[in-house]
Structures are given as C-alpha cells and as structure tokens.
Participant: 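Take a look at the following structure, please.
Throughout, protein chains are lettered first and strands after them, A, B, ... in sequence-line order, and every chain is numbered starting at 1.
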Amino acid sequence: MCGKYILAQAAKAERAMGIRRGRWEYPLSYRVLPTEQVPVAVAESGEPEAAMMRWGLIPYWAYGVPLKASTINARVERIASAPSYRDPWHRGQRCILVMGGFYEPHVNEDGTRDPFFVRLAEREVFGVAGLWDRSRREDGSYVFSCTLITVPANPLLAEVHNAKQRMPAILAESDHEAWLCGALRDAFATLKSYPQELMMAWKVSRRVNSPKLPNDASLIEPL
DNA sequence: CCAGACGTTGTT
DNA sequence: GTCTGG
DNA sequence: CCAGACGTTGTT
DNA sequence: GTCTGG
C-alpha cells in the first residue's frame, strides 16, 4: 500500500507545511518511487524544517546498506515494536512526507489490476506521517531515510485498495504540530484513517506503472 | 549459543 | 542494535 | 509499487 | 519464484 505517489509544487508544499527553515527544491513528479529522495518536514529545532530523504528507511545499525526487507511502509500497529522502526519511534524521529496524491491498485474479479489515483477533495497538498533514521556508512558519511506509516483503510479506500485494505496515515492539518513536536502519546493519537468524505479517487492509465514512460500530469487523468 | 533477519503488500 | 529460530 | 531480468567466478 | 531498478 502506498508505494507510489505524486509531489506538489515546492512553494505550495512549503506553505502547506509551514516551513520556516530551509527550502525544498525538486522537479515536480507524478510518479515518486521507493528509493528516491523525497521531500519531508522534520522539526529537530522545534519548528518545521524542509529536508530531503531516501524513501525506504535504512536503520542506524545497517551501515547505510538498505535491508532486503521493504521498509517503504510501516504499519502503525508495528512502529513501536518492529526492529527497524522502534528506535526511531522512541527517539521521536518523526517526519511528514509531503504529497499531492497517491496511487493504489484495485484488483478486478478476473485478477487484473487497475491503478487508481487518490487525492484530497479540499487540500491540494497534504502530509503523511513518517519516521526517519540516520545510518552511518563505512566511509563515515551518513544516509538519511524515511518510511511512510499506514493505517487501516476507510470505506472508500477499502473499495479501491480492495486487496489489502490499508491507506497512508494522512495527517489533519491541525495535527501537524503534534506529530512533529508532541509527546509520544499525542503524536500516536494523530495516526488515524482520514475521513472518506474528504477524499476522491479515480481510475488512471496503467502507464503509471512503467517507469520508462513519461512522468507528467497525464498520469493522473481520469480514465 | 550464534547466524540470520530485521517488511509490506500481494503482479506481469 | 536486538530478537528469533535452529 | 510494478516491470523486467533472471550470469559467472569465488567463498565469510 | 524472487530480486532489482525505476
């Protein structure tokens, strides 16, 4: 769930996240994929700060080498206990992945799959809760990376993503501060299934699944 | 003990 | 770094 | 996430 | 069937 999404314009993203330190600079993408550098907001200094991190968390103990296991998504039920996530969680290494929408696969009766694009009805840009870590390579350099948290799907997303009823932990704008700066229990309380009434989803072309095909706005056009 | 895993979702 | 499985 | 590739040689 | 790369 949630292995592919789209970015929002950097300036809009900064505004939506209340970025006060740093800036994002990246080309707009309608197909962000795991292992890419993605824009995230962190609050190490107590206020929202722009950063770029690798999508796919590399634990601090892994010497900068990605695990074989996928760490692009972290189930909310596991963030406090999974070996790759518990330390970032307990250390408060939380971040927000900023996006304009995401893709989910829908499995048809005959087993074929159609990609759907999902966005919020009233927010052009939104944030998804994530965790980050810093891992030291053998050469002494550091790699910063992150994972995207998933929660149970709401009814709309359960219908779209029918195979594995999960969805990204989309944050209400009013919860951004608690997620970035709050106490553990307050941060945890912000991880909920976003209301379906505030979301929209439509089928898109399977072209989105072929990384070699152009990455432009046509990928999210309704089919 | 010590090697091996450490994850989520799920097709062609 | 820490847990699990053999 | 999905499309596309998928070997050998040498061995902690 | 499973891994890698985009």
Side-chain angles (χ1 to χ4, degrees), chain A residues 1-7 26-38 52-93 97 99-119 128-138 142-143 145-153 157-170 191 193 201 203-216 219-220 223:
Chain A
M1 185 37 192
C2 221
K4 190 160 47 205
Y5 65 90
I6 79 168
L7 296 179
Y26 51 77
L28 201 50
S29 174
Y30 289 87
R31 181 168 50 217
V32 175
L33 298 170
T35 73
E36 291 181 11
Q37 291 289 124
V38 298
M52 297 293 291
M53 295 186 182
R54 176 191 194 272
W55 181 19
L57 188 145
I58 302 174
Y60 66 96
W61 42 260
Y63 300 102
V65 181
L67 302 185
K68 271 197 171 179
S70 170
T71 53
I72 64 175
N73 291 164
R75 299 172 65 90
V76 63
E77 300 90 337
R78 301 250 301 144
I79 57 177
S81 58
S84 296
Y85 306 136
R86 60 191 175 200
D87 292 331
W89 167 249
H90 289 292
R91 290 179 186 133
Q93 293 170 188
L97 290 88
M99 60 184 76
F102 55 92
Y103 299 97
E104 290 297 352
H106 176 82
V107 180
N108 302 304
E109 290 205 1
D110 63 3
T112 59
R113 302 159 69 75
D114 291 316
F116 275 66
F117 176 67
V118 184
R119 55 156 293 175
V128 173
L131 297 175
W132 64 268
D133 206 352
R134 186 189 79 157
S135 192
R136 199 177 107 103
R137 300 188 183 94
E138 292 197 350
Y142 289 97
V143 53
S145 58
C146 61
T147 188
L148 177 164
I149 296 173
T150 69
V151 294
L157 267 289
E159 190 181 331
V160 172
H161 187 40
N162 52 348
K164 201 62 169 194
Q165 324 216 316
R166 303 288 295 182
M167 63 182 283
I170 300 168
L191 303 175
S193 305
K203 195 197 298 192
V204 295
S205 167
R206 290 184 190 174
R207 283 186 294 114
V208 74
N209 291 333
S210 300
K212 288 181 178 173
L213 297 180
N215 166 0
D216 58 39
L219 295 183
I220 64 170
L223 207 59

Participant: For B:dT9 and A:Thr150 - does any side-chain N or O of the residue sit under 4.0 Å from the phosphate oxygens OP1/OP2?
Facilitator: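 Yes, such a contact exists.
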Participant: Please tell me which of the listed nucleotides, B:dT8, B:dG10, D:dC1, lies nearest to the side chain of A:Lys164?
Facilitator: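 Given the options B:dT8, B:dG10, D:dC1, the side chain of A:Lys164 is closest to B:dG10.
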Participant: Roughly, in whole Å, what's the span from CE in A:Met167 to C1' in B:dT9?
Facilitator: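 Spelled out: CE on A:Met167 to C1' on B:dT9 is 16 Å.
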Participant: Looking only at atom P, what distance separates B:dC6 and D:dG10, rounded to whole Å?
Facilitator: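 Taking atom P in both B:dC6 and D:dG10, they lie 31 Å apart.
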Participant: Determine the Euclidean distance between corresponding P atoms of B:dT9 and E:dG5; express it in Å to zero decimal places.
Facilitator: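 About 23 Å, rounded to a whole number of Å.
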Participant: Between D:dC2, B:dG7, B:dT9, which nucleotide has the shortest distance from any of its atoms to the side chain of A:Asn73?
Facilitator: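 Nearest to the side chain of A:Asn73 among the choices is B:dT9.
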Participant: Between P on B:dG7 and CD1 on A:Ile149, what's the gap in Å once rounded to a whole number?
Facilitator: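 Atom CD1 in A:Ile149 sits about 14 Å away from atom P in B:dG7.
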Participant: Which sits closer to the 5' end of DNA chain E, A:Lys68 or A:Pro211, going by the nucleotide each is nearest to?
Facilitator: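 With A:Lys68 and A:Pro211 compared, the 5'-side residue is A:Lys68.
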Participant: Please state the P separation for the pair E:dT4 and B:dA5 - nearest whole angstrom.
Facilitator: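 Each nucleotide's P atom is 13 Å from the other's.
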Participant: Can you name the residues that form a side chain to side chain contact (heavy atoms under 4.5 Å, CB included) with A:Leu67, not counting sequence neighbours?
Facilitator: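 Per chain and number, A:Leu67 pairs via side chain to side chain contact (heavy atoms under 4.5 Å, CB included) with A:Pro59, A:Trp61, A:Ala62, A:Thr71, A:Ser84.
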Participant: So what does A:Arg31 touch, heavy atoms closer than 4.0 Å: a base, only the sugar-phosphate, or nothing?
Facilitator: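 Nothing, no nucleic acid heavy atom in range.
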Participant: Not counting sequence neighbours, which residues clear side chain to side chain contact (heavy atoms under 4.5 Å, CB included) with A:Arg136? List them please.
Facilitator: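 So A:Arg136 forms a side chain to side chain contact (heavy atoms under 4.5 Å, CB included) with A:Tyr142.
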Participant: May I have the distance from A:Phe116 (atom CZ) to D:dC2 (atom P), rounded to whole angstrom?
Facilitator: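 In whole Å, D:dC2 P and A:Phe116 CZ are 14 Å from each other.
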Participant: Please identify each residue that fulfils ring pair (Phe, Tyr, Trp, His ring centres under 6.0 Å) with A:Tyr85, with sequence neighbours left out.
Facilitator: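 With sequence neighbours excluded, A:Tyr85 shows a ring pair (Phe, Tyr, Trp, His ring centres under 6.0 Å) to no residue whatsoever.
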Participant: Given B:dG10, is OP1 or OP2 found less than 4.0 Å from the side-chain N or O atoms of A:His161?
Facilitator: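 Yes, because at least one side-chain N or O of A:His161 sits under 4.0 Å from OP1 or OP2 of B:dG10.
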Participant: Among D:dA3, B:dG7, B:dT9, which nucleotide has an atom closest to any side-chain atom of A:Asn209?
Facilitator: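 Within the option list, the nearest is D:dA3.
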Participant: List for me each residue that meets side-chain hydrogen bond (donor to acceptor under 3.5 Å, both in side chains) alongside A:Asn108, sequence neighbours excluded, and say none if there are none.
Facilitator: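 Partners of A:Asn108 under the side-chain hydrogen bond (donor to acceptor under 3.5 Å, both in side chains) test: A:Thr112, A:Asp114.
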Participant: With pairs defined as Watson-Crick or G-U wobble and both distances under 3.5 angstrom, please note down DNA chain D as a dot-bracket string, | for pairing with another strand.
Facilitator: ||||||......
Participant: Just how far, in rounded Å, is P of D:dC2 from OH of A:Tyr5?
Facilitator: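 So the OH-P distance, A:Tyr5 to D:dC2, works out to 17 Å.
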Participant: Of all residues at least two apart in sequence or in a different chain, which pass the ring pair (Phe, Tyr, Trp, His ring centres under 6.0 Å) check with A:Phe116?
Facilitator: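 Partners of A:Phe116 by the ring pair (Phe, Tyr, Trp, His ring centres under 6.0 Å) criterion, ordered by chain and then number, come out as A:His106.
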Participant: Roughly how far, to the nearest 0.5 Å, is CG of A:Leu57 from CD1 of A:Ile72?
Facilitator: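 That separation rounds to 12.0 Å.
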Participant: Provide, to the nearest angstrom, the distance between the CG atom belonging to A:Leu148 and the P atom belonging to B:dG7.
Facilitator: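 Rounded to whole Å, this separation is 16 Å.
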Participant: Under 4.0 Å, heavy atoms only, any strand: does A:Ala74 hit a base, just the sugar-phosphate, or nothing?
Facilitator: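 Sugar-phosphate: the residue A:Ala74, judged by heavy atoms under 4.0 Å, touches backbone atoms but no base.
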Participant: Between E:dT2 and B:dT8, how many Å separate the two C1' atoms, rounded to a whole number?
Facilitator: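 Comparing C1' positions in E:dT2 and B:dT8 gives a spacing of 16 Å.
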Participant: Can you sort out the partners of A:Ser81 under side-chain hydrogen bond (donor to acceptor under 3.5 Å, both in side chains), two or more places apart, ordered by chain and number?
Facilitator: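 Testing A:Ser81 for side-chain hydrogen bond (donor to acceptor under 3.5 Å, both in side chains), a comparison that skips the adjacent residues, returns none.
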Participant: Of all residues at least two apart in sequence or in a different chain, which pass the side chain to side chain contact (heavy atoms under 4.5 Å, CB included) check with A:Val32?
Facilitator: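 With sequence neighbours excluded, A:Val32 shows a side chain to side chain contact (heavy atoms under 4.5 Å, CB included) to A:Tyr5, A:Leu7, A:Ser29, A:Glu36, A:Val38, A:Trp55, given in chain and number order.
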Participant: What is the distance from NZ of A:Lys212 to P of D:dA3, rounded to the nearest Å?
Facilitator: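 One finds 13 Å between P of D:dA3 and NZ of A:Lys212, rounded.
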Participant: Is the phosphate of B:dT8, meaning OP1 or OP2, less than 4.0 Å from a side-chain N or O of A:Arg166?
Facilitator: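 Indeed not, no polar side-chain atom of A:Arg166 lies that close.
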Participant: Between atom CZ in A:Arg206 and atom C1' in D:dA3, what is the gap in whole Å?
Facilitator: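 Going from CZ in A:Arg206 over to C1' in D:dA3 covers 13 Å.
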Participant: Nearest 0.5 Å, what's the CZ-CG distance between A:Arg75 and A:Leu191?
Facilitator: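 It comes to 13.5 Å.
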Participant: Produce a footprint string for nucleotides 1-6 of chain C: one letter per nucleotide, 5' end first; B if the base is under 4.0 Å from any protein heavy atom, S if only the sugar-phosphate is, - if neither.
Facilitator: BSS---
Participant: Would you compute the distance between atom SG of A:Cys146 and atom CZ of A:Arg134 and round it to the nearest 0.5 angstrom?
Facilitator: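 Spacing of SG (A:Cys146) from CZ (A:Arg134) equals 16.0 Å.
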Participant: Check whether more than 12 heavy atoms from other residues, nucleotides or ligands sit under 6.0 Å from atom CD of A:Glu159, and answer yes or no.
Facilitator: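 Check fails, neighbour count at 12 or below.
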Participant: Please report the distance separating the P of B:dT12 from the corresponding atom of D:dC1, rounded so that it comes out in whole Å.
Facilitator: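 Each nucleotide's P atom is 14 Å from the other's.
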Participant: Return the value, rounded to whole Å, for the distance between atom CZ of A:Arg78 and atom P of B:dC6.
Facilitator: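 Answer to the nearest Å: 9 Å.
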